[in-house]
Each structure stands twice: as structure tokens, then as C-alpha cells.
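My questions will all concern the structure given below.
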Amino acid sequence: MSAADRCVTLARSELPVDTVLSGRIVETEAYPVGDAAGHAYVGMTPRNRALFLSRGHAYVYRAYGASLLLNVSSETVGVGAGVLIRALEPLEGIPAMQRNRSVRDLRDLTRGPGRLTIALDIDLRLDGADLCRTGPLRLARDGHVAPEIGVSARIGLSRETDKLLRFYLRGNPFVSGPKKLSP
DNA sequence: AGTGCGATTGACT
DNA sequence: GTCAATCGCACTA
């Protein structure tokens with residue numbers, strides 16, 4: 001990555017209430033081809049099939065029985081890989097996000113992969129959705145130039161813990177994880 | 001058909 | 001700081 005990289009915004013629309021909920025992506029983790037910690041590592045299954053769609057499709061899955069996590073597929077058709085969206089900086093629709101999460105504090109609204117899906121009302125029906133075309137969930141460059149990008153090990157894994165594949169906007173208060181990993 | 005296990009969170013000591 | 005909740009899915013038989 002370079003300092004000229006543009007920030008990316010994730011936007012949720014077509015909700016029952018006519019609102020757009022959006023946030024700037026401030027933290028991600030990569031799960032590239034051949035990564036033993038990636039869900040695609042075992043080959044295509046009913047759960048992970050969206051990882052094998054072309055770049056820019058949503059892979060939504062349930063973790064620990066409770067949380068829904070959002071990934072973006074990152075390779076060509078038939079190749080399984082993705083990027084986990086770990087945190088957003090809230091931009092639009094903040095009151096609606098506060099209702100979805102039953103939380104007021106802006107900092108707690110979308111800091112964490114399982115929290116941001118609740119804030120944006122993302123569910124399993126969005127699994128496989130194309131995020132690069134008009135639809136209920138969209139990715140878009142937001143014009144903001146990214147500041148320095150921090151790199152660290154990924155969070156919550158039991159394998160491949162040495163790989164530095166977590167990326168975040170350094171100093172951004174909406175980044176999740178222990179301070180040690182987000183200085 | 002049964003078992004084991006998380007790319008987490010929130011509640012609690 | 002610790003720890004249990006919770007369920008879809010992958011894996012074994």
C-alpha cells in the first residue's frame with residue numbers, strides 16, 4: 001500500500017426505513033490463497049462459496065453462534081480468498097446505527113467485525129451480494145486519502161498467528177483490538 | 001447422527 | 001483481567 005491509497009466506504013441501503021448507513025473502513029484482515037487460517041483453505045463448501053466469487057462480493061458467515069462477520073472476496077472466479085472487514089468509522093445514518101446496536105457511544109458502534117454487521121443491519125441474506133454494483137450493500141472510494149497504514153498480526157486466530165496481514169489506519173479511534181496491535 | 005470448534009462479544013471477578 | 005453463550009458447519013463413522 002502507498003500513502004496515496006484512497007479510503008473505502010461501506011454503505012448499506014434498501015432498508016425498510018429509507019436510510020443510508022455508511023462507514024469508512026479503517027481496519028481489515030487478509031485471508032489470501034493458501035492461508036491455512038482462511039475459510040477457503042479446505043476448498044469450496046456451502047458456507048464459504050462466496051469467497052470463490054469474483055473480487056468484490058460479500059461473504060457473510062456466523063462465528064461463535066452469535067456474531068455475523070463480513071468479508072469481501074478478493075480473487076477471480078473459482079479462487080477462494082477474502083478480506084475481513086474488522087472496523088468502520090461511522091459516517092452516515094448514525095442514529096439508526098445507534099438503535100440497531102443499542103449503544104450511544106460512537107466509538108463502540110462499529111469497532112469490531114461482529115459489531116459493524118449489527119450496526120449496518122447486515123445478515124446472511126447478503127451473503128454473495130455484489131458490492132461493486134448498485135444494491136443493498138456497496139463499496140466505494142470515498143475520496144479521503146488514507147493516512148499511515150499500520151500492519152500487525154491478525155486477531156483471534158489459533159493458526160498462522162505470525163503472518164502480518166491485519167491492516168488499519170494508524171491512530172484512528174475506531175480501530176479494534178488491543179493497543180499493542182494498534183499503536 | 002454425533003461431535004467439536006471457532007476470523008467474537010458482553011458480562012462479570 | 002477471565003469466561004460462557006451459541007449455532008452453523010465441517011468432519012468422522
Side-chain angles (χ1 to χ4, degrees), chain A residues 1 8 10 12 21 23-53 55-75 78-90 96-129 131 137 139 149-169 172-183:
Chain A
M1 293 206 205
V8 175
L10 182 70
R12 179 79 167 96
L21 311 179
R24 176 172 298 132
I25 296 172
V26 298
E27 179 186 355
T28 63
E29 283 178 0
Y31 291 87
V33 175
D35 174 21
H39 286 185
Y41 189 66
V42 296
M44 198 188 300
T45 67
R47 176 174 72 158
N48 71 19
R49 61 176 182 81
L51 283 175
F52 293 81
L53 298 173
R55 277 184 256 280
H57 286 78
Y59 164 48
V60 182
Y61 78 97
R62 188 175 298 279
Y64 296 104
S67 311
L68 291 175
L69 277 59
L70 171 69
N71 294 246
V72 181
S73 66
S74 58
E75 292 290 340
V79 180
V83 173
L84 171 68
I85 309 300
R86 284 197 58 92
L88 303 176
E89 174 179 342
M97 291 195 244
Q98 287 169 323
R99 283 195 298 276
N100 290 344
R101 285 259 302 134
S102 303
V103 160
R104 282 185 62 101
D105 190 340
L106 273 194
R107 231 175 81 79
D108 292 332
L109 221 42
T110 52
R111 181 167 45 84
R115 290 172 174 171
L116 69 90
T117 54
I118 296 173
L120 295 202
D121 197 31
I122 290 168
D123 59 38
L124 289 170
R125 287 172 299 188
L126 288 171
D127 186 44
L131 305 184
L137 194 58
L139 282 175
I149 294 171
V151 181
S152 81
R154 294 172 293 186
I155 293 175
L157 301 187
S158 58
R159 298 197 284 178
E160 306 287 4
T161 53
D162 55 324
K163 289 185 176 170
L164 302 180
L165 289 174
R166 172 171 170 266
F167 306 95
Y168 57 94
L169 303 194
N172 188 291
F174 300 97
V175 170
S176 80
K179 283 178 188 167
K180 190 171 101 178
L181 289 179
S182 312

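Quantities reported herein were computed from a predicted structural model and do not represent experimental measurements. Chain A is the first sequence line, chain B the second, and so forth, proteins listed ahead of strands; every chain is numbered from 1.
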To the nearest angstrom, the CD1-C1' distance between A:Ile155 and B:dT9 comes to 13 Å

*Using modelled atom types only, decide if a donor and an acceptor are shared between the side chain of A:Ser176 and the backbone of A:Ala87 within a distance under 3.5 Å.*
no

Using atom types as modelled and distance alone, determine if a side-chain donor or acceptor of A:Arg154 lies under 3.5 Å from a backbone N or O of A:Ala30.
yes

### Message
Check whether A:Thr117 reaches the backbone of A:Gly114 with its side chain - one donor and one acceptor, N or O, closer than 3.5 Å.
### Response
yes

In whole angstroms, the gap separating C1' of B:dT8 from CG of A:Leu157 amounts to 12 Å

query: Taking the side chain from A:Arg12 and the backbone from A:Asp121, do they hold a donor-acceptor pair closer than 3.5 Å?
result: yes

In DNA chain C, consecutive runs of at least three Watson-Crick or G-U pairs below 3.5 Å, as range with range, amount to B:1-6 with C:7-12, B:8-12 with C:1-5

### Task
Answer yes or no for this row: A:Tyr31 ring on B:dA7 base, centroids under 5.5 Å, planes under 30°.
yes

Residues in residues 99-113 of chain A with a heavy atom under 4.0 Å of DNA chain B, by number, are A:Arg101, A:Gly112, A:Pro113

- Message: Any base atoms under 4.0 Å from A:Arg154, or only sugar-phosphate, or nothing? Heavy atoms, all strands.
- Response: nothing

Of the listed B:dT9, C:dC11, B:dA7, the closest approach to the A:Asn71 side chain comes from B:dA7

- Task: Give a yes or no on whether the backbone of A:Tyr41 and the side-chain of A:Asp35 come within a donor-acceptor separation of less than 3.5 Å.
- Result: no

Side-chain contact check for A:Tyr64: nearest option of C:dC11, C:dT6, C:dC9 is C:dT6

In whole angstroms, the gap separating C1' of C:dG8 from CG of A:Asp123 amounts to 15 Å

| task | Dump the intermediate steps for salt bridge (Lys or Arg N to Asp or Glu O under 4.0 Å) on A:Arg125 and A:Asp123, then the final yes or no. | result | CA-CA 5 Å; A:Arg125 287 172 299 188; A:Asp123 59 38; 2.6 Å; yes

With the side chain defined as heavy atoms from C-beta on, A:Arg115 is closest, among B:dT9, C:dG8, B:dA7, to B:dT9

Side-chain atoms of A:Ser67 come closest, of B:dA7, C:dC9, B:dT8, to B:dT8

Taken to the nearest whole Å, CG/A:Leu124 to P/C:dC9 is 8 Å

A:Arg115 side chain vs A:Arg101 backbone, donor-acceptor pair below 3.5 Å
no

From CZ of A:Arg62 across to P of B:dT9 the rounded distance in Å is 14 Å

**Message:** Please confirm whether the shortest side-chain N or O distance from A:Thr45 to OP1 or OP2 of C:dC9 is below 4.0 Å.
**Reply:** no

Does OP1 or OP2 of B:dT8 have a side-chain N or O of A:Arg86 closer than 4.0 Å? yes

Please check this pair: side chain of A:Arg47 against backbone of A:Tyr61, looking for a donor-acceptor N/O pair closer than 3.5 Å. no

Atom OH of A:Tyr41 and atom P of C:dA10 are separated, to the nearest Å, by 17 Å

Between the CG atom in A:Asp127 and the NE2 atom in A:His57, the distance rounded to the nearest 0.5 Å is 11.0 Å

Between A:Ala50 and A:Ala58, the two heavy atoms sitting closest are CB-O, 3.3 Å

A:Pro46 has its side chain closest, among C:dG8, C:dA10, B:dA7, to C:dA10

